[in-house]
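Shown next, in structure tokens, is the structure this report addresses.
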Amino acid sequence: MNFLPFIVSWAVLAVIVIGLFLYRHWLESHEDHYVHLHGDVHDTAIVTTQSASIKHMAAVDKVKDKLLIAAIVYAVAIAIAGGYLAWNTPGV
């Protein structure tokens, strides 16, 4: 059995997960970590922007975590299938 299509599809999934990790890091680096609120009109815009940024990062985290779990499970399944086939194939 040829495992190349499964390994390529896993590699694509792994690249997507790595891309999401990098995107999440990029979003976090563009966030203002030192917000000083003074009780004026400008504060509402800052709070709204930060709130939207946090919601966006939370959504990216959900997708990233689920795809990471899927990539790990898929890699383990490929390894188990490869091991099973190697174990049961005579003369290899």
Side-chain angles (χ1 to χ4, degrees):
M1 180 174 188
N2 188 5
F3 282 99
L4 187 62
F6 299 111
I7 293 172
V8 168
S9 61
W10 174 82
V12 168
L13 184 60
V15 167
I16 290 170
V17 170
I18 291 169
L20 283 172
F21 271 100
L22 293 174
Y23 181 60
R24 169 67 162 84
H25 181 69
W26 180 79
L27 285 175
E28 192 175 48
S29 69
H30 285 81
E31 172 183 57
D32 189 5
H33 295 283
Y34 302 103
V35 176
H36 300 286
L37 302 177
H38 302 288
D40 58 1
V41 178
H42 184 64
D43 289 349
T44 58
I46 293 172
V47 169
T48 304
T49 303
Q50 290 294 317
S51 176
S53 175
I54 293 299
K55 287 180 184 177
H56 189 76
M57 282 192 288
V60 169
D61 278 341
K62 283 183 183 179
V63 173
K64 175 185 56 95
D65 292 342
K66 290 178 183 177
L67 285 178
L68 179 62
I69 291 169
I72 292 170
V73 169
Y74 192 46
V76 168
I78 291 171
I80 289 172
Y84 177 78
L85 285 175
W87 185 270
N88 290 320
T89 303
V92 175

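The main-chain N or O of P5 is found under 3.5 Å from a side-chain atom of S9 such that the two form a donor-acceptor pair.
A chain of hydrophobic side-chain contacts below 4.5 Å, direct or via other Ile, Leu, Val, Met, Phe, Trp or Tyr residues, connects W26 to L67. Both F21 and V63 are members of a single hydrophobic cluster when ILVMFWY side chains are connected at heavy-atom separations under 4.5 Å. A single hydrophobic cluster is seen to contain both I54 and Y23, as judged by linkage of ILVMFWY side chains at heavy-atom distances under 4.5 Å, directly or through other members. V12 is not connected to I7 by any chain of hydrophobic side-chain contacts under 4.5 Å among Ile, Leu, Val, Met, Phe, Trp and Tyr, and they are in different clusters. L68 and M57 fall within the same hydrophobic cluster, where Ile, Leu, Val, Met, Phe, Trp and Tyr residues are linked whenever their side-chain heavy atoms come under 4.5 Å apart, directly or through other members.
Pairing each heavy atom of W10 with each of A75, the nearest pair is NE1-CB, 3.4 Å. Here the shortest heavy-atom pairing between V60 and R24 reads CG1-CB, 4.1 Å.
Residue Y74 qualifies as enclosed at atom OH: its count of foreign heavy atoms under 6.0 Å is above 12.
Here L22 contributes atom CG and K64 contributes atom NZ; the two are 11.0 Å apart, rounded to the nearest 0.5 Å.
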